[in-house]
Protein chains: 2
Amino acid sequence: MSDPAACCTPLTGTAMSAERAEEVAGLLKALADPVRLRLVSLIAGSDTGEACVCDLNAAFDLTQATISHHLKVLHTAGLLDREKRGVWVYYAVRREALAAVAGLFDAAAVPA
Amino acid sequence: MSDPAACCTPLTGTAMSAERAEEVAGLLKALADPVRLRLVSLIAGSDTGEACVCDLNAAFDLTQATISHHLKVLHTAGLLDREKRGVWVYYAVRREALAAVAGLFDAAAVPA
DNA sequence: GGGAGACATCGACGCTCGTCGATGTCCGGG
DNA sequence: CCCGGACATCGACGAGCGTCGATGTCTCCC
């Protein structure tokens, strides 16, 4: 019987815009796959910070075409850098992109 | 001319396991949708830290069934808490879950 | 107790996504 | 020059996902 009219305050805080949501969703969609997650982990965990496709291929039970597709998705999303050296192609993680994603959830994790 | 035989060192660092990758991918898959992203943002941005379904419904041009479905996905993923109070249902964000996601990318963003 | 409102569930449709085999492109070596 | 290897692209198939209308369940009030 306290406030029968309103069920609650109708969204006071400024929320994420629809355009921004589409943007972030694109980034997360690129990462929301077990294979791509392991790819990023493999490349980021390498001592040189980069890895060539032939080694990444050997780490999975998947076709070379599939791995190439996943790398293209990550590259298109801006999460991986691509560099061709001779016959081989090397991919490196963009630390700034990962840090940006971490910052998104850090901001949302604080109470106010 | 340094090492013509090997294209690069065959994955030295310890990478994310396949099981762990599936787990994390499930979490990110729940967040990789513009509507769910805005839902989390709306609830997290509320001054009380929670929101009832009727208000969330009003914030989108979507059916009540669709919003309910998205809320269920977020709740099942462990990102939202659900509490029924009288006729209305309130959802609240699990800050720890968001912080865990942020921690994942913080760890991957450091060079070594 | 009957009715109205809030929210969840169900079944179905269209679309996107992950995976594959086959083929194309580029580079280096004999 | 031509062949072989590394990687990308293409076309197709099956599975999963977002959305909807319709229906079910629960609670409160008259």
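No experiment lies behind these values; they were computed from the predicted model shown. Here is how names work: the chains are called A, B, and so on, in the same order as the sequence lines, proteins then strands, and each is numbered from 1.
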Residues B:L104, B:R20; criterion side-chain contact (heavy atoms from CB on, under 4.5 Å); working and verdict: CA-CA 11 Å; B:L104 281 175; B:R20 178 81 177 137; 3.7 Å; yes
Evaluate B:I43 against B:L56 for side-chain contact (heavy atoms from CB on, under 4.5 Å), listing each step before the verdict. CA-CA 8 Å; B:I43 303 175; B:L56 296 174; 4.0 Å; yes
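Distance NE2 (A:H75) to C1' (D:dC7): 14 Å, rounded to an integer number of Å. The OH atom of A:Y90 sits 13 Å away from the P atom of D:dA8 (whole-angstrom rounding). Between the C1' atom of D:dC29 and the CH2 atom of B:W88 lies a distance of 12 Å, rounded to the nearest Å. C:dA6 atom C1' lies 13 Å from atom CG of B:L71, rounded to whole Å. Here C:dT16 presents its P atom at 12 Å from CD of A:E22, a figure rounded to the nearest Å. Computed from coordinates, the B:D55 CG to C:dC7 C1' distance equals 14 Å when rounded to whole Å. Distance B:L56 CG to C:dA8 C1': 15 Å, rounded to the nearest Å. The separation between A:E83 atom CD and D:dA6 atom P is 19 Å, rounded to whole Å.
With hydrogens and angles ignored, the 3.5 Å screen pairs a side-chain donor or acceptor of B:R36 with a backbone N or O of B:K29. A distance-only check finds no donor-acceptor pair linking the side chain of B:T63 to the backbone of B:T66 [under 3.5 Å].
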For residues 73-87 of chain B, run the donor-acceptor check on the side chains, cut-off 3.5 Å, and write out each pair with its distance to 0.1 Å, sequence neighbours left out.
unit_1, atom_1, unit_2, atom_2, d
B:H75, ND1, B:L80, O, 2.9
B:T76, OG1, B:K72, O, 2.8
B:D81, OD1, B:R94, NH1, 3.3
B:R82, NE, B:Y91, OH, 3.4
B:E83, OE1, B:R85, NH1, 3.1
B:E83, OE2, B:R85, NH1, 3.3
B:R85, NH2, B:E50, OE2, 2.6

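One finds a side-chain N or O of B:K72 lying less than 4.0 angstrom from the OP1 or OP2 phosphate oxygen of C:dT9. Within the 4.0 Å cut-off from OP1 or OP2 of C:dC7, not a single side-chain nitrogen or oxygen of B:R82 is found.
Among the atoms of the strands shown, only primed sugar atoms or phosphate atoms (P, OP1, OP2) are found under 4.0 Å from some heavy atom of B:Y91.
Here the CD1-SG distance, from A:I67 to A:C54, works out to 12.0 Å after rounding to the nearest 0.5 Å. Rounding to the nearest 0.5 angstrom, the gap separating the CD atom in B:E19 from the CD atom in B:E22 is 8.5 Å.
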Annotated protein contacts, base or backbone, on nucleotides 12-23 of chain D with a non-hydrogen cut-off under 4.0 Å, one of B, S, - each: ------SBBBB-
